[in-house]
Amino acid sequence: NHKFAPAVAEAPTTLNNIGAGPEQKIYSSGYLTGGTGVYTPDRTDLYAQYDGVGQTYGMIGYNNMMYFATYPNARFYKYDPSLGWATGRTFLFDSVAEEQSRPVATTSGNSKIYIGTIAEYGLLQGALTIYDPATNTKTVRYPVTNQGVSALAYYNGKIYGGTTIAGGIGSVPTETNAKIFVYDTNTFVTTTYNLPSVGEALTAITAMVVAPDNKIWGFAEGWLFVFNPSTNTVEYIVDKFPSVDYGTGAWYDAALQITQNGLLYGTICAGDRVILEDPSVPAG
């Protein structure tokens, strides 16, 4: 229960994203100017601020490395903490050829890293990029026509994704409702599922996480839902943030986190509240 407030120098940027590194440190990214902060928990004297990586939408620690997915052009970097920032940072690839811009979702599983992206300016078609660290190669899929990939979770050989109808700046959505998709990492087959009808269009899914009950919990606008991988159905959905309305979609907003004691915490910036759920208690 120790709490520290390190005397980090002020910077002309706002906090855009945070993530856990492989060496048990906390990484953060700035908006709009980029930059990376590294903080050691339970210490007031170990923190650092680095340049060289742009506006980070997604970050993930995997196999002793830290990976950063950044804007623009959905650029992807690897960082080896054992080598230090100056020499341990490597640019891997961008998504210019695939016309992708903002990598808003990341997850890992089956020895791969998965990145969900929003299309370039004026375009709608988002992508799921699969990166293989062992071979340093990528594969790109397009799960849902004219929708961006805005949430990802891995469970039992499959990627569970959520979409947004929003595309790059200047684009006009052609769809009305976000969707859930399941990508089988062994057969490479993608299956798409509709969200239940709730009397309004749900235009973006911005968070998904695997709970201890082995079900996928997510946020579709302000609606908290539970997707059962055994039946491929949404078995529970409730409006936790009634004031949240994305209109023509959103790139990212919600956050979901499972704690060590199995509880689920969730928040949405647009909703200005935090929720606490116990997945061990039957939904509803």
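- With a 4.5 Å cut-off on side-chain heavy atoms, Q55 and R102 count as touching.
- To the nearest 0.5 Å, atom CD1 of residue I205 and atom CD1 of residue I180 are 5.0 Å apart.
- For E200, the CD atom counts as densely surrounded, since its 6.0 Å shell holds more than 12 non-hydrogen atoms of other residues, nucleotides or ligands.
- We find the CD1-NZ distance between I113 and K78 to be 9.5 Å, quoted to the nearest 0.5 Å.
- In the hydrophobic clustering of this structure, L123 does not group with Y71; members are Ile, Leu, Val, Met, Phe, Trp, Tyr whose side-chain heavy atoms approach within less than 4.5 Å, directly or through other members.
- One N or O on the side chain of K138 and one on the backbone of D94 form a donor-acceptor pair closer than 3.5 Å.
- For the pair S111/Y62, a side-chain contact is recorded, criterion being any heavy-atom separation below 4.5 Å from C-beta on.
- The distance from atom CH2 of W217 to atom CG of L264, rounded to the nearest 0.5 Å, is 6.5 Å.
- Checking side-chain atoms of D253 against main-chain N and O of C269 turns up a donor-acceptor pair under 3.5 Å.
- Side-chain contact between M208 and L256: absent, with no pair of heavy atoms (C-beta onward) separated by less than 4.5 Å.
- Under a hydrophobic-cluster definition in which Ile, Leu, Val, Met, Phe, Trp and Tyr are linked whenever side-chain heavy atoms come within less than 4.5 Å, directly or via other members, Y193 and Y155 are assigned to the same cluster.
- T90 contributes atom OG1, which lies 11.0 Å from atom OH of Y77 (distance to the nearest 0.5 angstrom).
- Shown here for A207 and A151, the closest heavy-atom pair between the two residues is N-CB, 3.7 Å.
- There is a path of hydrophobic side-chain contacts, each under 4.5 Å, that joins V104 to I169.
- With a 6.0 Å radius and a threshold of 12 heavy atoms from other residues, nucleotides or ligands, F91 has its CZ atom above the threshold.
- Between P279 and L263, the closest heavy-atom pair is CD-CA, 4.2 Å.
- W85 and F68 have perpendicular rings, their planes meeting at more than 60° on a 0 to 90° scale where under 30° would count as parallel.
- Listed for the Q147 side chain is a donor-acceptor partner under 3.5 Å among the backbone atoms of N177.
- No donor-acceptor contact under 3.5 angstrom links the side chains of S95 and Q100, judged on distance only.
- Cluster membership check: Y246 shares its hydrophobic cluster with L224, using side-chain heavy-atom separations under 4.5 Å among Ile, Leu, Val, Met, Phe, Trp and Tyr.
- Scored by the salt bridge (charged side-chain N to carboxylate O under 4.0 Å, His left out) test, K179 finds no partners at all (sequence neighbours excluded).
- When atom types are taken as modelled, the side chain of T117 and the backbone of G126 share no donor-acceptor pair closer than 3.5 angstrom.
- Listed for the T164 side chain is no donor-acceptor partner under 3.5 Å among the backbone atoms of G148.
- The side-chain hydrogen bond (donor to acceptor under 3.5 Å, both in side chains) test applied to T259 returns N261, not counting sequence neighbours.
- A continuous path of Ile, Leu, Val, Met, Phe, Trp and Tyr side chains, each step under 4.5 Å between heavy atoms, connects V209 with I268, placing both in one hydrophobic cluster.
- Listed by chain and residue number, T231 satisfy the side-chain hydrogen bond (donor to acceptor under 3.5 Å, both in side chains) test with T233 (two or more places apart in sequence, or in another chain).
- Judged by distance alone, the side chain of D132 and the main-chain N or O of K112 form no donor-acceptor pair under 3.5 Å.
- At least one side-chain heavy atom of E277 sits less than 4.5 Å from a side-chain heavy atom of K240.
- Checked by atom type and distance alone, the side chain of N73 never pairs as donor or acceptor with a backbone atom of R75 at under 3.5 Å.
- Side-chain contact check for N110 versus N186: some heavy-atom pair is nearer than 4.5 Å.
- Side chain of T56 to main chain of G54: a donor-acceptor pair is present (N/O by atom type, distance under 3.5 Å, no hydrogens or angles).
- By the 30° and 60° cut-offs, the orientation of the rings of F76 relative to Y131 is perpendicular.
- One finds the CG atom of L124 at 10.5 Å from the CD1 atom of I118 (value rounded to the nearest 0.5 Å).
- Judged by distance alone, the side chain of T203 and the main-chain N or O of T248 form no donor-acceptor pair under 3.5 Å.
- Heavy-atom neighbours of N232 CG from other residues, nucleotides or ligands within 6.0 Å: above the threshold of 12.
- Considering only heavy atoms from C-beta on, P81 comes within 4.5 Å of P22 through its side chain.
- In this structure, the side chains of F219 and V244 stay at 4.5 Å or more apart for every pair of heavy atoms.
- Taking CG of N136 as the start and CZ of F93 as the end, the distance is 8.5 Å to the nearest 0.5 Å.
- Residues S171 and G168 approach most closely at OG-O, 2.6 Å, considering heavy atoms.
- The closest donor-acceptor contact from the side chain of S150 to the backbone of W251 lies at 3.5 Å or more, if one exists at all.
- Taking all atoms of both residues into account, the shortest heavy-atom contact from L152 to I115 is CD1-C, 3.8 Å.
- Put simply, the side chain of L195 does not reach to within 4.5 Å of the side chain of W223, judged on heavy atoms.
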